[in-house]
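Down below is the structure, laid out as structure tokens.
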Protein chains: 2
Amino acid sequence: MKKETKNLALKRLSAYLSEKKLRATSQREIILGTFIDMGKHTTAEELYEALKKFDSSIGHATVYRALRLFVDAEIARELNFNDGSVRYESIVGKEPHDHIICKKCGAMVEFLDESIRQAQDEIAKKYGYALKNRSHILFGVCPKCRR
Amino acid sequence: MKKETKNLALKRLSAYLSEKKLRATSQREIILGTFIDMGKHTTAEELYEALKKFDSSIGHATVYRALRLFVDAEIARELNFNDGSVRYESIVGKEPHDHIICKKCGAMVEFLDESIRQAQDEIAKKYGYALKNRSHILFGVCPKCRR
DNA sequence: GTCTCTGCAAAGCATTTGCATGTAC
DNA sequence: GTACATGCAAATGCTTTGCAGAGAC
């Protein structure tokens with residue numbers, strides 16, 4: 001299942017690369033594979049560290065450039081949890097969703113609320129905007145930390 | 001009306017300062033007054049530049065520290081439009097609201113949707129979180145830029 | 001007088017950029 | 001062979017911090 005996600009992501013990458021006449025490099029494949037393996041909400045720095053473990057030759061800049069590429073290719077999306085660095089999450093084979101995060105311990109829940117999505121669509125329509133991304137993050141204190 | 005907002009903000013600041021046994025300094029007053037005057041979605045850097053115009057002695061760090069103070073005092077809130085720096089907005093005498101922003105030109109509309117607020121409350125309740133902040137920003141292409 | 005606040009400059013991060021070299025096509 | 005991609009190191013931009021002196025209470 002993780003394997004399938006990875007294949008799907010790689011397929012999407014190569015489709016995007018050939019569509020845009022960009023080059024398929026081993027780095028891009030390796031970075032994408034590692035990114036998918038890591039699970040979610042990854043920092044460029046965290047991904048760079050993970051990559052170093054089995055291919056120490058991949059540079060800092062390449063990781064940053066690859067992540068931007070993945071966003072353009074609609075393989076990943078940016079998340080900003082206001083913790084100092086941008087995080088990336090794979091959107092391959094995933095339901096759209098939002099996040100609620102504990103301000104104390106960082107515990108996070110993903111949720112999907114259809115009524116919110118619809119309201120967002122209506123708002124965009126009302127103001128004549130073509131909706132591209134939705135950044136919706138709730139901050140609170142989780143049950144454990146409330147005790 | 002702007003005057004009243006400013007007075008309200010200053011009052012809230014001094015209440016917070018005495019509650020927390022912190023000191024009322026002229027810098028804090030000046031920074032708050034200028035912040036309110038500037039209107040909304042201000043960067044620390046922008047505020048610093050504005051301040052330099054009539055009091056060149058206020059330092060960088062003081063502006064950053066003051067803005068954090070205003071957030072703690074519930075005079076301002078942080079906004080992250082993913083444009084590289086944190087923005088601050090006064091919440092004194094204002095309805096709660098969210099933003100929809102044009103990815104091309106930056107045009108921005110504020111909106112308030114009660115159904116979204118309620119859905120957020122329900123989600124927080126469902127997962128047992130005590131809701132503290134809501135970060136909800138939509139990105140799209142505005143009517144002008146779509147033409 | 002004490003303790004906090006300020007201004008300055010330096011430090012700290014995350015991210016981007018310039019450039020020479022490498023490599024996909 | 002010709003772009004485009006990469007790695008490196010330097011640069012950039014935002015924000016924080018350490019510290020000595022200034023100011024509030």
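Residue numbering restarts at 1 for every chain, and letters A, B, ... go by the order of the sequence lines.
Residue contacts shown for B:Arg28 are limited to sugar-phosphate atoms, with no base heavy atom under 4.0 Å away. A:Ser57 comes within 4.0 angstrom of the backbone, heavy atoms only, and of no base.
Both A:Gly59 and B:Thr43 lie near DNA chain D, and the one whose nearest nucleotide falls closer to the 5' end is A:Gly59. Mapping B:Ala61 and B:Thr25 onto DNA chain D by nearest heavy atom places B:Ala61 at the nucleotide closer to the 5' end.
Listed candidates were D:dT15, C:dT4, D:dA24. Nearest to the side chain of B:Glu45 is D:dT15. Here the side chain of A:Arg65 is nearest to one of C:dT16, C:dG18, C:dG7, namely C:dG18. When distances are taken from the side chain of B:Ser85 to each of C:dT15, D:dT16, D:dC14, the shortest belongs to D:dC14. Each of C:dT15, C:dG7, D:dG7 was ranked by its minimum atom distance to the side chain of B:Thr62; first place goes to C:dG7.
Residue B:Gln27 has no polar side-chain atom (N or O) positioned under 4.0 Å from OP1 or OP2 of D:dG23. Taking side-chain N and O atoms only, B:Tyr64 has no distance below 4.0 Å to OP1 or OP2 of D:dT16. B:Ser26 has no side-chain polar atom (N or O) that falls below the 4.0 Å cut-off from OP1 or OP2 of D:dG23. At the phosphate of C:dC3, neither OP1 nor OP2 sits under 4.0 Å from any side-chain N or O atom of B:Arg23.
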Verify salt bridge (Lys or Arg N to Asp or Glu O under 4.0 Å) between B:Glu89 and B:Arg77, making sure each step is shown before the conclusion. CA-CA 5 Å; B:Glu89 165 181 70; B:Arg77 70 163 167 158; 3.0 Å; yes
What verdict does the ring pair (Phe, Tyr, Trp, His ring centres under 6.0 Å) test give for B:His41 and B:Phe81, after you've listed the backbone C-alpha separation in whole Å, the side-chain angles of each residue and the deciding distance to 0.1 Å? CA-CA 9 Å; B:His41 313 137; B:Phe81 295 158; 5.6 Å; yes
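Screening B:Lys125, B:His136, B:Arg134 for a side chain to side chain donor-acceptor pair (under 3.5 Å) involving B:Gln120 leaves a single residue, B:Arg134.
The CG-P distance, from A:Leu17 to D:dT6, rounds to 10 Å in whole Å. Rounded to a whole Å, the CG atom of A:Leu13 is 13 Å from the C1' atom of D:dA5. In this structure, the CG atom of B:Leu69 is 12 Å from the C1' atom of C:dT4, given to the nearest Å. In this structure, NE2 of A:His60 is placed 13 Å from P of C:dC13, rounded to the nearest angstrom. The separation between A:Glu49 atom CD and C:dA14 atom C1' is 13 Å, rounded to whole Å. In this structure, the CG atom of B:Leu67 is 12 Å from the P atom of C:dT6, given to the nearest Å. Here the P atom of nucleotide D:dC14 and the CZ atom of B:Arg68 are 17 Å apart, to the nearest Å. The CD1 atom of A:Ile58 sits 13 Å away from the P atom of C:dT23 (whole-angstrom rounding).
Clustering ILVMFWY residues whenever any of their side-chain heavy atoms sit less than 4.5 angstrom apart, transitively, puts A:Tyr88 in the very cluster that holds A:Tyr16.
A donor-acceptor contact closer than 3.5 angstrom links the side chains of A:Glu45 and A:His60.
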